Amino acid sequence: MSERSQSLVHRRYLRHSKKFPNVWCAGCGIGIVLGAIIRAVDTLALDKNDVAMISGIGCTGRMPVYVDFNTMHTTHGRALAFATGLKMVKPGMKVIVVMGDGDALAIGGNHFIHAARRNVGLAAVVVNNATYGMTGGQHSPTTPWGIQTATTPYGHIEQQFPISELAVTAGASFVARSTVYHVRELEKYLARAIDKEGFSLVEAIAYCHTTMGRINRWGTTSDMMRHLKEHSVTSRQAKEMSPEERRDMIVRGVFADRDIPEYTQLYDQIIERAQQEALP
Amino acid sequence: MTARLMQGDEACAEGAVAAGCRFFAGYPITPATEIAETLSRLLPRVGGKFIQMEDEIASIAAVIGASVGGAKALTATSGPGFSLMQENIGYAAMAEIPCVIVNVQRLGPSTGRPTSPAQGDVMQARWGTHGDYPVIALAPWTVRETFDLTVQAFNLSERYRTPVILLMDELIGHMREQVRLPDADTLELARRTETRVPPRWYKPFENFPDGPNVNVPPLVPFGEGYRYHITGLHHDERGYPTDRPDEIRPWLDRVFGKIERSLSDILLYEEDGIEDANILVIAYGSTARAARHAVKQARTRGSRVGFLRLKTIWPFAEEVVERAAARLHRVVVPELNRGQLVLEVERVVGRQKVRRVNRADGEMIRPSEILAVIEDLEGAV
């Protein structure tokens, strides 16, 4: 896609009644994820009326307001539960749920594993910047061990949640991980996730240069982009590497793509069974 | 319809289906579980959906999501679950999403006594979530009225685009009574108002819109061509976040106004023998059963005792209470708590006039306990 046609696509999906600029800091990766979601929806040629975008709280939670879908900015951690209700009564809609790592894995961790287990046809997108950006860079469930955050001034002593691996174990139909540097790859995964019938998850690795980047002196946004480029490998490359070589690497790729009966479709069978049994 | 022996919880489920409820999300909890169990059987038969969620927070969230999709939606819980739901009840109030929350009250605080009746969540029903918001709460006193008020809860919720709380209690929920339910086609059901404007002009949070219900803009379900934004942030008429006081204030005025200006429709109550009374008993929910009994006994002994039973406890029927108590010497307020709704009664009629009868030990208040207070007051008059 040329730069011009790409910006025309974005224009078609953004809300012009909403005053820009957006809330995100210059250089933030969340806008990149938004752009990739828009292009993925465009690739699938979905009717905007049939697309819902639902979010929780945090920087990523602000994403829905800018796009011309049916949009809902809900409470912290609960976006998947709100989305489950909507999807059940409107199974024909494509419901995209955007969350940050704190939103999806800390306060919303319970809903995350159960949505995956239940296999409701939602496309979950977790922008994983390993911190609470909006509140100023406190540690999140995906913060790396040892680093400094606003609430771990002496170093972080908890382990990270591996989001994609968790989703695979919990039973998601489709799971993929990429980064905000590998935009085309991300876009491709997002399209597959949105297209998938069952619960799907795309983990988009990002960074927060304003908070954690500054606290840990990680340099400029280009430095952090370069880090994503140089410290990530595809799952195929990862297989060739020793555990030692793989240790600090982000592994990108598709970790699950399986056909599990989707919840709302199964529920239609329940309705059929109940109505047959209720017959006199 | 033929008479059936049923529990209050079952009557609530039957009432929900009759009201047009087509979505339930909930989490098992005593003494509300039977509502979920009954609806898991009834809803799919009418093409509705039932889901057991991972907790009560998710349950109310799914209910709000389903309502945004256009379904009349219900959740049912008890005290501990009701506490967990509070944040999202505030969301429903803020985003003006119709939904019904049933709280079959049990003795609290904390885990309390799951199988004992209580009325300890009266103030929580009013002020449970943070911030200023209006709320409607109804309290039934019989199994049959549980059916009726469940239907009313849905009607009020749809008509005013607001969460409505049905405050049952363990006694009403688990008690069985013989009831004859009305035929579904005899019920008056409220439907969500449809917008008359094209998507381009649609404002989901319009202040002072035209329409049958004062200050209630129509809510178009998601997926029907009206693409708009819903948020728990303060928002403008289109739903976009705002921090402008001149946009926040009209919203506040409107959401309070839509309830305050419709009290004649919202306030449900029953009064008996107030005209020539000199003592008034005000009660609600299961306690009203004992109060009614005590009032009858007192009257056969020659006392002039009036009875006022509030079905709508929030908003508080202050003008009704004020009018009823105006000429009276004394007002008796029995409650299964340490004194909650009585605070409102005292505010309206003055503390000196009010005698409280409270119990919060898991047992019902007996008619004799109320009668003793009535007789004591009679002696003082």
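Note that this is a predicted model, so its numbers are computed, not measured. All values below come from the heavy atoms of this structure, side chains included, with hydrogens, waters and symmetry mates left out. Per chain, numbering begins at 1; letters A, B, ... match sequence-line order.
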Return the minimal non-hydrogen interatomic distance between A/A79 and A/M99, and the atom names on each side. CB-CG, 4.4 Å
Less than 4.0 Å between a side-chain N and a carboxylate O, is that true for B/E206 and B/K203? no
Check whether any side-chain heavy atom of A/Q269 sits under 4.5 Å from a side-chain heavy atom of A/L266, and report yes or no. yes
Checked A/D68, A/I270, A/V95 vs chain B; the most non-hydrogen pairs under 4.5 Å come from A/D68
One option among B/D55, B/I51, B/V63 has the most heavy-atom pairs under 4.5 Å with chain A, and it is B/I51
Taking it one step at a time, do A/M63 and A/H73 satisfy side-chain contact (heavy atoms from CB on, under 4.5 Å)? CA-CA 8 Å; A/M63 194 188 282; A/H73 176 215; over 6 Å; no
How would you list, in number order, the residues of residues 223-233 of chain B that have a heavy atom less than 4.5 Å from chain A? B/G223, B/E224, B/G225, B/Y226, B/R227, B/Y228, B/H229, B/I230, B/T231, B/G232, B/L233
Chain B contact via A/R118 - side chain, backbone, both or neither, heavy atoms under 4.5 Å: side chain
For the interface with chain A, which of B/A66, B/G69, B/P199, B/A71 has the highest count of heavy-atom pairs at distances below 4.5 Å? B/A66
Hey, which of A/N49, A/T71, A/L86 has the most heavy atom pairs under 4.5 Å with chain B? A/T71
Side-chain heavy atoms of A/L190 within contact of A/E187, under 4.5 Å: no
Does any backbone or side-chain atom of A/F69 lie under 4.5 Å from a heavy atom of chain B? Answer side chain, backbone, both or neither. backbone
Chain B contact via A/M72 - which portion, at a heavy-atom distance below 4.5 Å: both
Between the side chains of A/K87 and A/E262, is the shortest nitrogen-to-carboxylate-oxygen separation below 4.0 Å, so that they form an ion pair? no
Hydrogens and angles aside, do A/D103 and A/H76 bring a side-chain donor and acceptor to less than 3.5 Å of each other? yes
Test A/T84 against A/H114 for side-chain contact (heavy atoms from CB on, under 4.5 Å), laying out the working first. CA-CA 11 Å; A/T84 299; A/H114 287 283; over 6 Å; no
Could you list the residues that satisfy side-chain contact (heavy atoms from CB on, under 4.5 Å) with B/Q86, not counting sequence neighbours? B/F82, B/I89, B/Q124, B/T129
Geometric class of the B/F24/B/F50 ring pair [parallel <30°, tilted 30-60°, perpendicular >60°]: parallel
Sort A/R62 into side chain, backbone, both or neither according to what part of it lies under 4.5 angstrom from a heavy atom of chain B. side chain
When only pairs under 4.5 Å are counted, which of B/E87, B/M94, B/M53, B/K49 shares the most heavy-atom pairs with chain A? B/K49
Count the heavy-atom pairs under 4.5 Å between each of B/G47, B/A25, B/A61 and chain A, then report the option with the highest count. B/A61
Answer with side chain, backbone, both or neither: which region of B/F222 has an atom nearer than 4.5 Å to a non-hydrogen atom of chain A? both
I'd like to know if A/D259 pairs up with A/K196 as an ion pair, taking the criterion as any Lys NZ or Arg NE/NH1/NH2 lying under 4.0 Å from an Asp or Glu carboxylate oxygen. yes
Between A/D47 and chain B, with a heavy-atom cut-off of 4.5 Å, which part of the residue counts as in contact: side chain, backbone, both or neither? neither
Test B/C12 against B/L166 for side-chain contact (heavy atoms from CB on, under 4.5 Å), laying out the working first. CA-CA 9 Å; B/C12 173; B/L166 185 72; 4.2 Å; yes
Who wins among A/T264, A/N70, A/I271 for the most heavy-atom pairs under 4.5 Å with chain B? A/N70
